[in-house]
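Read the structure below first, then the notes.
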Amino acid sequence: MRLALFQPDIPQNVGACIRLSACFGVPLDVIRPTGFTLDDRAMKRAALDYGPLSHMTVHDDWHAYGGAGQPGRLILFTTKAARVMTDFTFRPDDRLLFGRETAGAPDFVHAAADARLFIPIRPEARSLNLATSAAIALFEGLRQTGGLPAS
């Protein structure tokens, strides 16, 4: 399983996802452009205690990431999805993709996705924070596939 962020805007969210991927032992893909420089102090501070960032790969753009051309299914998490995450069966090689905090994912990313899922929240709530959504989705995917770290 992999975690992927499409053109993130907020460095603290990327920092939190760096920690998330390190804690669960999954690779993280960051797809540029980002709304900040990747050497932003807030992001580095968030990842400080997690050693080298060898589990993170930065891609210059969607084309460089390979979109639908990488191994495993591309699972897009979006508030525009019709299928709830809890009714989905994850696989160990799934790539969990999250769009920009301010704009989500564009149509071409939606079109490349093998599945589009949403996390159930109260109807009057707009959306969850990106890093919170990534944590919920990654945990459920790893739980279903037996990929959670041993206690």
Side-chain angles (χ1 to χ4, degrees), residues 1-81 85-86 88-106 108-119 121 127-151:
M1 195 157 295
R2 297 182 74 92
L3 189 60
L5 307 178
F6 179 82
Q7 299 181 354
D9 293 317
I10 302 171
Q12 293 86 347
N13 282 332
V14 176
C17 287
I18 289 169
R19 292 174 72 136
L20 178 65
S21 69
C23 287
F24 285 109
V26 300
L28 172 65
D29 295 293
V30 176
I31 304 160
R32 287 184 171 147
T34 60
F36 53 92
T37 58
L38 285 172
D39 60 355
D40 187 283
R41 283 181 41 175
M43 188 183 72
K44 284 186 175 183
R45 182 172 44 250
L48 187 63
D49 295 337
Y50 292 88
L53 301 178
S54 58
H55 61 284
M56 183 173 81
T57 304
V58 178
H59 306 273
D60 285 336
D61 54 31
W62 178 253
H63 179 73
Y65 172 65
Q70 289 205 14
R73 297 180 303 178
L74 183 64
I75 312 302
L76 177 62
F77 285 81
T78 173
T79 58
K80 297 175 183 171
M85 171 190 78
T86 52
F88 186 77
T89 302
F90 291 91
R91 297 180 190 161
D93 65 344
D94 284 340
R95 294 174 289 133
L96 311 182
L97 178 65
F98 298 83
R100 294 178 64 189
E101 295 95 324
T102 57
F108 67 88
V109 173
H110 280 260
D114 296 296
R116 296 183 310 145
L117 307 178
F118 71 92
I119 298 170
I121 59 174
S127 64
L128 290 164
N129 169 276
L130 171 70
T132 302
S133 296
I136 291 168
L138 182 60
F139 187 90
E140 177 62 11
L142 292 173
R143 184 193 68 77
Q144 282 190 22
T145 60
L148 288 171
S151 36

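Just so it is clear, the values below take in all heavy atoms, side chains as well, and ignore hydrogens, waters and symmetry mates. Remember, predicted model here, so these are calculated numbers, not experimental data.
A distance of 5.0 Å separates CZ in Arg95 from CD in Gln70, rounded to the nearest 0.5 Å. Annotation: the span from Leu96 atom CG to Ser21 atom OG amounts to 12.0 Å, rounded to 0.5 Å. Arg116 CZ to Thr78 OG1: the interatomic distance, rounded to the nearest 0.5 Å, is 6.5 Å. Separation of atoms CE (Met1) and CZ (Arg91) is listed at 11.0 Å; rounding is to 0.5 Å. Taken to the nearest 0.5 Å, the CZ atom of Phe108 stands 12.0 Å off from the NE2 atom of His63.
Under the 3.5 Å distance criterion, the side-chain polar atoms of Gln7 are left unmatched by any main-chain donor or acceptor of Arg100. No donor-acceptor distance shorter than 3.5 angstrom exists from the side chain of Asp114 to the backbone of Ile75, with no hydrogens or angles considered. In this structure, Asn129 contributes its side chain and Ala131 its backbone to a donor-acceptor pair below 3.5 Å. Between the side chain of Glu140 and the backbone N or O of Met85, no donor-acceptor pair lies under 3.5 Å.
When side chains are defined from C-beta on, Leu128 counts as touching Ile119, because their heavy atoms get closer than 4.5 Å. The shortest side-chain heavy-atom distance between Ser133 and Phe77 does not fall under the 4.5 Å cut-off. Contact of the Pro8 side chain with the Asn13 side chain is not registered, since no non-hydrogen atoms from C-beta on lie closer than 4.5 Å. Inter-residue side-chain proximity for Ile10 and Leu130 is flagged as unmet; no heavy-atom pair is nearer than 4.5 Å. Taking 4.5 Å as the limit, some side-chain heavy atom of Phe98 sits within range of a side-chain heavy atom of Leu5. Contact of the Asp93 side chain with the Pro71 side chain is not registered, since no non-hydrogen atoms from C-beta on lie closer than 4.5 Å. For the pair Phe90 and Leu117, the minimum side-chain heavy-atom distance is below 4.5 Å. For the pair Thr57 and Tyr65, the minimum side-chain heavy-atom distance is 4.5 Å or more.
Considering all non-hydrogen atoms of both residues, Asp29 and His59 come closest at OD1-NE2, 2.9 Å. For Asp60 against Arg32, the heavy-atom pair with the smallest separation is O-CB, 3.2 Å. Minimum interatomic distance between Cys23 and Pro149 (heavy atoms only, all atoms of both residues): O-CG, 4.0 Å. Nearest heavy atom pair, residue Glu101 against residue Asp9, reads OE1-N, 2.7 Å.
The ring pair (Phe, Tyr, Trp, His ring centres under 6.0 Å) contacts involving residues 5-33 comprise Phe6-Trp62, where partners must be two or more places apart or lie in separate chains.
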- Task: Any chance you could lay out the side chain to side chain contact (heavy atoms under 4.5 Å, CB included) test for Leu20 and Leu3, step after step, and finish with the verdict?
- Result: CA-CA 9 Å; Leu20 178 65; Leu3 189 60; 3.8 Å; yes
- Evaluate side chain to side chain contact (heavy atoms under 4.5 Å, CB included) for Leu97 paired with Ile31, printing each intermediate quantity in order. CA-CA 10 Å; Leu97 178 65; Ile31 304 160; 4.2 Å; yes
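Among the candidates Val26, Asp94, Leu148, the single residue satisfying the side chain to side chain contact (heavy atoms under 4.5 Å, CB included) test with Leu138 is Val26.
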